[in-house]
J.: 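Before I ask anything, here is the structure I am working with.
Quick caveat: nothing in here was measured; it's all calculated off a predicted structure. Excluded from the calculations below are hydrogen atoms, water molecules and symmetry mates; all remaining heavy atoms, backbone and side chain alike, are included. Order of the sequence lines sets the chain letters (A, B, ...), proteins ahead of strands, with each chain counted from 1.
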Protein chains: 2
Amino acid sequence: MRIGELSERTGTPPRLLRYYEEQGLIIPERCANGYRSYDERLVDRVQQIRGLLDAGLPTRIIKQILPCLDKPSTIHFPDPTPEMLATLECELDRMTRRIDCLARNRDAIAAYLATVRGDGVTVAEPSSAEQDPAQQD
Amino acid sequence: MRIGELSERTGTPPRLLRYYEEQGLIIPERCANGYRSYDERLVDRVQQIRGLLDAGLPTRIIKQILPCLDKPSTIHFPDPTPEMLATLECELDRMTRRIDCLARNRDAIAAYLATVRGDGVTVAEPSSAEQDPAQQD
DNA sequence: CTTGACCTTCACACCGATGTGAGGGTTCGA
DNA sequence: TCGAACCCTCACATCGGTGTGAAGGTCAAG
């Protein structure tokens, strides 16, 4: 598919698709006329990229971890250098910390919302601290 | 404490502490000589801010959600407007999506690392897909 | 053939988070 | 009293992700 279609299907401006390419995150084919030609799988990949960018990872890092995340076979990466592994471990760690931070704050927001909505208890008075755990997301 | 100590204790450059103040995220006292004076609790708060920033939230949003996250009493916020609640729900949602994305990719990285490290299986050959689920974080 | 929708590259601009430095005041110890 | 180590404000620079426009090539439909 060409850039317009990928743009629509991923909700990503063409400019950004070119930017991601420039950063080495995706590598489209080229048609005879110079147009970019994207593989179907790049739809998912682009959404993955956007998600990671939104979560605060820079393209430099995303580029490093993407090759390890290809679904087909889990081991797309023949010869990972030790420093590569170290980088991955480091990022693994950072991501875990991010997740913890987000989860903690999300839960706090959820609790706040549950409280102000008066889900069984009428605001103020931090006395009892139990009710049904129906806060599924 | 003054800005230097807070800076050291949070690993945050003084410039950023001033920036966070400018953005309304923290509001230090002022000594007679004009120096900023930070409350002990701001150590945690600053770290929380940094975590959220690192997780991709802009200061504008952090400023909105911080008041709902004060530990002492969960209901620091007397009169939340409906649009405020809508904002919070929206952010709750975004954070959940971020968490999902991060968790998914983190797990994939962990799986990759487990594989290349040869944790019981010797690389290549994507044949069997089971081993002990000992990937606790 | 022309028009319009699509694509190309290039370049400049914006915004938010952060770095850095100038110019100047305060405090404390030598 | 002097110097070092703080602090202040102000302002400009950088960097990454993104927006936008100019100048031009390709292609299908009228």
J.: Are Ile27(B) and Leu16(B) joined in one hydrophobic group, where the rule is that I, L, V, M, F, W and Y side chains link up if heavy atoms are under 4.5 Å apart?
T.: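 Shared cluster, no.
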J.: Please report the distance, rounded to the nearest Å, between CD1 in Ile3(B) and P in dT26(C).
T.: 17 Å
J.: Kindly compute the distance separating CZ (Arg97(B)) from CZ (Arg106(A)), expressed to the nearest 0.5 Å.
T.: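 With rounding to 0.5 Å, CZ (Arg97(B)) is 12.5 Å from CZ (Arg106(A)).
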J.: Cys31(A): which residues meet the side-chain contact (heavy atoms from CB on, under 4.5 Å) condition with it, sequence neighbours left out?
T.: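 Expected list: Asn33(A), Tyr35(A), Ser37(A).
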J.: Does some side-chain heavy atom of Ile109(B) sit less than 4.5 Å from a side-chain heavy atom of Cys68(A)?
T.: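 With C-beta onward as the side chain, the pair stays apart.
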J.: Enumerate, atom names and distances included, each donor-acceptor pair closer than 3.5 Å involving a side-chain atom of residues 53-62 of chain A, sequence neighbours excluded.
T.:
{"from": "Asp54(A)", "atom 1": "OD1", "to": "Arg98(B)", "atom 2": "NH1", "distance (Å)": "3.3"}
{"from": "Asp54(A)", "atom 1": "OD2", "to": "Arg98(B)", "atom 2": "NH1", "distance (Å)": "3.2"}

J.: Flag the pair Arg18(A) and Glu22(A) as a salt bridge only when some basic side-chain nitrogen lies within less than 4.0 angstrom of an acidic carboxylate oxygen.
T.: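 The answer is no: the pair does not qualify as a salt bridge.
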J.: Protein-nucleotides 27-29 of chain D N/O pairs closer than 3.5 Å?
T.:
{"from": "dC27(D)", "atom 1": "OP1", "to": "Asn33(A)", "atom 2": "ND2", "distance (Å)": "3.3"}

J.: In this structure, how many angstroms lie between the P atom of dC7(C) and the CE atom of Met1(A), rounded?
T.: 12 Å
J.: Identify, with sequence neighbours excluded, every residue that meets salt bridge (charged side-chain N to carboxylate O under 4.0 Å, His left out) alongside Asp39(B).
T.: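 Only Arg41(B) meet the salt bridge (charged side-chain N to carboxylate O under 4.0 Å, His left out) criterion with Asp39(B).
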J.: Tell me whether Glu89(B) is salt-bridged to Arg94(B), with the criterion being a basic N under 4.0 Å from an acidic carboxylate O.
T.: no
J.: Let me know the distance between CD of Glu5(A) and P of dA5(C), rounded to the nearest Å.
T.: 18 Å
J.: To the nearest Å, how far apart are Ile49(A) CD1 and dG16(D) P?
T.: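 In whole Å, dG16(D) P lies 17 Å from Ile49(A) CD1.
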J.: Looking only at side-chain N and O atoms, does Arg36(A) come under 4.0 Å of OP1 or OP2 in dT26(D)?
T.: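 No, outside the criterion.
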J.: Which parts of nucleotides 12-23 of chain C does protein reach within less than 4.0 Å, heavy atoms only, written one letter per nucleotide 5' to 3' as B for base, S for sugar-phosphate only and - for none?
T.: ----SBBSBB--
J.: Given atom CG of Leu52(A) and atom C1' of dG17(D), what is their separation to the nearest angstrom?
T.: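 Result: 15 Å.
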J.: How many Å lie between CD on Glu22(A) and C1' on dG16(D), as a whole number?
T.: 12 Å
J.: Rounding to an integer number of Å, can you tell me how far Glu29(A) CD sits from dC7(C) P?
T.: 17 Å
J.: Can you list the residues that meet the salt bridge (charged side-chain N to carboxylate O under 4.0 Å, His left out) rule with Arg36(A), with sequence neighbours excluded?
T.: Glu21(A)
J.: Expressed as a whole number of angstroms, how long is the span from Lys63(A):NZ to dG16(D):P?
T.: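 After rounding, the reported distance stands at 13 Å.
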